[in-house]
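Structure first, then comments.
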Amino acid sequence: MNRIKWDQYFMAQSHLLALRSTCTRLTVGATIVRDKRIIAGGYNGSIAGGTHCIDEGCYVIDNHCVRTIHAEMNALLQCAKFGVPTENAEIYVTHFPCLQCCKAIIQSGIKAVYYAIDYKNHPYAIELFAGANVDVEQVVLEEMVIDVKTKEKVEFVNQLIEKVSEMGADDKEVKELYEHAATLFSTVS
């Protein structure tokens with residue numbers, strides 16, 4: 001049996017956290033790790049108990065949603081709230097951190113940033129990370145263990161099968177295609 005690599009494990013955790021995001025513009029997750037142990041996690045969304053973008057839309061000022069707290073900041077605040085030190089920790093983020101999160105990461109003592117997706121990588125953030133000796137590395141999630149687009153895939157496959165049916169495939173063949181698709185996507189409700 002092959003075990004998942006540590007960097008893939010922690011990045012998968014960040015992608016899982018992103019599924020909790022209440023932002024309609026971009027879903028982001030962050031996992032803070034020290035000594036190969038998860039010490040905090042966060043996703044982008046509104047303040048606890050506040051109005052969420054998924055409910056009332058984004059509150060955009062100067063092309064930024066001011067209602068949303070970024071995933072990295074939420075993870076760092078979780079550490080602060082519960083008294084968990086971040087010195088020499090690492091953070092795994094689904095997207096490259098914005099400039100403000102970059103500064104918070106540096107100030108918190110985190111020594112390594114692993115991100116999966118390039119996203120508006122600010123040159124000054126890159127410069128700040130380098131100046132603070134924070135290692136920055138892209139770690140693309142190799143295999144998405146949690147499929148966040150299953151329902152869309154089912155719909156797409158069903159549309160393709162309909163097209164095959166319209167093109168003159170016999171009923172038995174179409175039925176077999178639907179059954180095979182149902183087997184492949186058996187976890188979808």
Of all heavy-atom pairs linking Leu17 and Gly29, the shortest is CB-CA, 4.2 Å
For residues 52-79, which residue pairs qualify under ring pair (Phe, Tyr, Trp, His ring centres under 6.0 Å), counting only residues two or more places apart or in two chains?
-> none
CD1 on Ile126 to CG on Leu99, rounded to 0.5 Å | 10.5 Å
Kindly indicate whether the side chain of Leu76, heavy atoms from C-beta on, has any atom under 4.5 Å from the side chain of Ile110.
-> yes
Are Val140 and Val28 connected in a single hydrophobic cluster, I mean Ile/Leu/Val/Met/Phe/Trp/Tyr linked by side-chain heavy atoms less than 4.5 Å apart?
-> no
Atom CD of Gln107: over 12 foreign heavy atoms under 6.0 Å | no
Tell me, do Cys65 and Cys53 make a side-chain contact under 4.5 Å, heavy atoms counted?
-> yes
Ala40 to Cys79 - nearest heavy-atom pair and separation = CB-SG, 3.4 Å
Residue list, ring-ring contact (aromatic ring centres under 6.0 Å, His included) with Tyr119, at least two apart or on another chain = His95
State whether the side chain of Gln78 and the backbone N or O of Gly42 hold a donor-acceptor pair below 3.5 Å, judged by distance alone.
-> no
Honestly curious: do Met11 and Trp6 fall in one hydrophobic cluster under the side-chain, below-4.5 Å linking rule?
-> yes
Can you check whether Gly57's main-chain N or O pairs, donor with acceptor, with Arg67's side chain at less than 3.5 Å?
-> yes
Heavy atoms from other residues, nucleotides or ligands near CG of Asp170 exceed 12 (cutoff 6.0 Å) = yes
How close do Leu128 and Cys102 get, heavy atom to heavy atom, and via which atoms?
-> CB-SG, 3.9 Å
Is there a donor in the side chain of Ser14 and an acceptor in the side chain of Thr31, or the other way round, less than 3.5 Å apart?
-> yes
Atom CG of Leu141 and atom CG of Asp7: how far apart are they, to the nearest 0.5 Å?
-> 9.5 Å
Kindly say whether Thr86 contributes a backbone atom to a donor-acceptor pair with the side chain of Ser108 at under 3.5 angstrom?
-> no
Under a single-linkage definition using a 4.5 Å side-chain heavy-atom cutoff for Ile, Leu, Val, Met, Phe, Trp and Tyr, are Val139 and Val93 assigned to the same hydrophobic cluster?
-> no
Are Ile61 and Leu26 connected in a single hydrophobic cluster, I mean Ile/Leu/Val/Met/Phe/Trp/Tyr linked by side-chain heavy atoms less than 4.5 Å apart?
-> no
With no hydrogens and no angle check, is any side-chain donor or acceptor of Gln138 less than 3.5 Å from a backbone partner on Ala116?
-> yes
Fit a plane to each ring of His122 and Tyr124, take the angle between them on a 0 to 90° scale, and name the class: parallel (under 30°), tilted (30 to 60°) or perpendicular (over 60°).
-> perpendicular
CD1 (Ile105) and CE (Met73) are apart, to the nearest 0.5 Å, by 8.0 Å
Please round to the nearest 0.5 Å and tell me the distance separating atom OH of Tyr92 and atom OH of Tyr114.
-> 5.0 Å
Are Tyr115 and Tyr9 co-members of a hydrophobic cluster defined by side-chain heavy atoms under 4.5 Å apart?
-> no
To the nearest 0.5 angstrom, please state how far the CG atom of Asn158 sits from the OH atom of Tyr178.
-> 5.5 Å
Residues which pass ring-ring contact (aromatic ring centres under 6.0 Å, His included) with Phe129, listed by chain and number, not counting sequence neighbours | none
Please check if atom CZ in Arg34 has more than 12 non-hydrogen atoms from other residues, nucleotides or ligands closer than 6.0 Å.
-> yes
N/O donor-acceptor pair under 3.5 Å between Ser46 side chain and Thr51 backbone = yes
Thr68 backbone acceptor or donor facing Asn44 side chain under 3.5 Å | no
Within the side chain of Gln13, is there an N or O that forms a donor-acceptor pair under 3.5 Å with the backbone of Ala30?
-> no
Closest non-hydrogen atom pair between Ala18 and Thr27, with its separation = O-CB, 3.6 Å
Spacing of OH belonging to Tyr43 relative to CG belonging to Leu19, to within rounding of 0.5 Å = 11.5 Å
